[in-house]
Amino acid sequence: MTSTRSDLRVAVIGSGPAGFYAADALLKSESPTVEVDLLDRLPTPWGLVRLGVAPDHENIKAVSRAFEKTAARPGFRFFGNVEVGSTVSHAELAALYDAVVYTVGAQTDRRLNIPGEDLPGSWPATAFVAWYNGHPDFQGLGFDLNTERVVVVGNGNVAIDCARMLALTAGELASTDTVDDAAEAIVRSPVEEILMLGRRGPVQAAFTPPELKELGELAGAEPVVDPADLVLDPASEAELEADRERARRNVDLLHEYAAREPEGKPRRIVLRFLVSPMAILGEERVEGVEIVHNELVEEDGRIVARPTGELETIPCGLVLRSVGYRGVPIDGVPFDERSGTIPNDRGRVEGAERTYAAGWIKRGPSGVIGTNKKDAAETVELLLEDARAGRLAAPGRDGDLAELLAEKRAHAVEYEGWQAIDMAEKAAGEPLGRPRVKLTSWEKLLHAGSKITR
Ligand code: NAP
């Protein structure tokens, strides 16, 4: 189908929340009218809603219903299994479309840069999350959960997700779409302690109260907090006083956990603060973590952790490094190595015409799903402003992505193909009382996604 009915044709690259919110805002525009092709390197849409949000957070995943409504709007097309940089280039897209919007998220992890980081048994949390969520690039990784203690480095919501997932019982996992290998490994694991390490104090923790609260409501695990860790230094006291709703509620919950009598549940989630990993220890694989105790100091108006020199060794068999995601560059598109984002001014990419960015690749990996709605709206507003001002006059704009892909013998999974995958997964989950059983290999996804041809 060559599209000619609309004033504007826009390619949005990356079909996570930012991509869908950008597509939605574009498709709602009446002047100019817009058609949107949403591309993804995976055969499946929804980005981290499918492959990042924890499987036991089905209510958060329900945001995908809004994305389905966007996909049903006239002028929307999906091209899965199309990677910009390999299947098609940015230059090819720039020739086909009036504008290109990058919403590719942050596809890798930040590093700790400490000795032993790459020992077997030391994993980025991003890989663990992708594994239990069925990402086809992260299956068969051989996560070995045969250990009594797992250390999770970091104090964000991803660290909490990993800690909680490791603590779920067979009963809690049964109604989720956690992949079978991961669910079995979690249930069979002899893990007794999941230890979360925060480099700063409880007031500075990045996790949010609802997520922290869930740690206190698990069937087979209980949170453990040392009251001594909750004694605040004056700067943290002042920060807490300055009406930070999140910090206040977090600290209240942590006090509640510290006061709890142990219930003797099989697993403990221990939250420690003011400690940083200095090295991951082990000969052939992870055997422990060396940590240093920190104190908090103010630097340029920010409270930062400074090592005191007091060291401690913690034996463990698995380390999950959960210190944030990081964007990766795309060939032909400007990239700022320092921030791991595409350099931009409110979404207009600097140094590339008719090119825009939204979501984590625009502002860095922060905020919740809904944050991307406002973020994408800002970008789309500027894009439409540029269109109205005649700044998007594309040089060519003939041809169609479908024709280009056919020439290249590239097989895209279109929206109907994704719907076939979706139906197959839901049908497999239904008799088990699960929302879906995910297809976890490229082969199976492409097979299911190619059953429907246009
Ligand atoms: P995050 O919220 O930025 O947390 C990263 C954590 O890593 C912070 O505690 C940070 O501490 C720590 N850290 C960074 N460098 C470190 C180092 N070298 N050593 C020790 N600790 C270090 O990132 P995230 O957990 O990956 O989450 C990303 C975004 O997704 C967040 O906005 C999060 O809220 C969101 N998310 C939400 C949910 C949910 O709503 N349920 C679930 C998952 C993710 P400092 O503060 O000291 O830098």
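Everything numeric here is computed off the predicted structure, so don't read it as measured data. Whatever order the structure lists ligands and atoms in, that order sets their numbers, starting from 1. One-based numbering along the sequence shown.
At under 3.5 Å, a nitrogen or oxygen of N155, whether backbone or side chain, sits near a nitrogen or oxygen of ligand 1. Between R199 and ligand 1, at least one pair of N/O atoms sits closer than 3.5 Å. Taking distance alone, with nitrogen or oxygen atoms compared against 3.5 Å, V153 stays at or beyond that limit from ligand 1. Below 3.5 Å of separation, one finds no N or O of P277 facing any N or O of ligand 1. In terms of polar-atom proximity, defined here as any N/O pair under 3.5 Å, N157 does make such a contact with ligand 1.
Under 3.5 Å, the side chains of S86 and E83 contain a donor-acceptor pair of N or O atoms. Counted by atom type alone, E214 and H57 present one or more donor-acceptor pairs between their side chains at under 3.5 Å. Counted by atom type alone, D109 and Y325 present zero donor-acceptor pairs between their side chains at under 3.5 Å. Looking at R272 and N155, their side chains never bring a donor and an acceptor atom within 3.5 Å of each other.
Contacts between T208 and ligand 1, counted as non-hydrogen atom pairs separated by less than 4.0 Å, are absent for every part of the residue. Only the side chain of D161 comes within 4.0 Å of ligand 1, judged by heavy-atom distances.
Ranking protein heavy atoms by distance to atom 2 (O) of ligand 1, first place goes to A206 CB, 3.6 Å. The protein heavy-atom contact nearest to atom 35 (C) of ligand 1 is G367 O, 3.6 Å. Looking only at protein heavy atoms, the nearest one to atom 19 (N) of ligand 1 is L112 CD2, 3.6 Å. At the shortest separation from atom 23 (O) of ligand 1 among protein heavy atoms lies G324 CA, 4.2 Å. Scanning all protein heavy atoms for the shortest distance to atom 21 (N) of ligand 1 gives V323 CG1, 3.5 Å. Of the protein's non-hydrogen atoms, the one nearest atom 30 (O) of ligand 1 is W360 CZ2, 3.6 Å.
The aromatic rings of Y102 and H90 are tilted relative to each other, their planes meeting at an angle between 30° and 60°.
Close approach of ligand 1 to G156 (heavy-atom distance below 4.0 Å) involves ligand atoms 2 (O), 4 (O), 6 (C), 9 (O), 25 (O). Short contacts between ligand 1 and P365, defined as distances under 4.0 Å to a heavy atom of the residue, involve ligand atoms 28 (C), 29 (C). Shown in contact with Y325 at under 4.0 Å from a heavy atom are these atoms of ligand 1, numbered in order with element: 26 (O). Heavy-atom contacts of V158 reach the following atoms of ligand 1: 24 (P), 25 (O), 26 (O), 27 (O), 43 (C), 44 (C) (cutoff under 4.0 Å). Set against the non-hydrogen atoms of S366, the atoms of ligand 1 under 4.0 Å away are 32 (O).
Looking only at side-chain heavy atoms (C-beta outward), D181 and F143 stay at 4.5 Å or farther from each other.
Distances shorter than 4.0 angstrom do not occur between any heavy atom of S276 and any atom of ligand 1.
Note on D40 versus R50: no salt bridge recorded, every NZ/NE/NH1/NH2 to OD/OE distance being 4.0 Å or above. Using a 4.0 Å cut-off between a side-chain N of Lys or Arg and a carboxylate O of Asp or Glu, R73 and E68 do not qualify as a salt bridge.
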Sequence neighbours left out, cut at 3.5 Å: what donor-acceptor pairs do the side chains of residues 217-224 make with other protein atoms?
{"unit_1": "E217", "atom_1": "OE2", "unit_2": "K213", "atom_2": "NZ", "d": "2.9"}
{"unit_1": "E222", "atom_1": "OE1", "unit_2": "E263", "atom_2": "N", "d": "2.7"}
{"unit_1": "E222", "atom_1": "OE2", "unit_2": "E263", "atom_2": "N", "d": "3.3"}
{"unit_1": "E222", "atom_1": "OE2", "unit_2": "G264", "atom_2": "N", "d": "2.9"}
{"unit_1": "E222", "atom_1": "OE2", "unit_2": "K265", "atom_2": "N", "d": "2.9"}

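Evaluated for a side-chain hydrogen bond (donor to acceptor under 3.5 Å, both in side chains) with K362, the options T103, N344, N372, D375 yield exactly one hit, D375.
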task = Step by step, work out the side-chain contact (heavy atoms from CB on, under 4.5 Å) result for F79 and E414.
result = CA-CA 5 Å; F79 291 88; E414 298 186 21; 4.2 Å; yes
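Around atom 46 (O) of ligand 1, the closest heavy atom drawn from R200, Q204, E214 belongs to R200. Of the listed residues (E211, R110, H57), the one carrying the non-hydrogen atom nearest atom 39 (C) of ligand 1 is E211.
Under the side chain to side chain donor-acceptor pair (under 3.5 Å) criterion, S276 pairs with N294, sequence neighbours left out.
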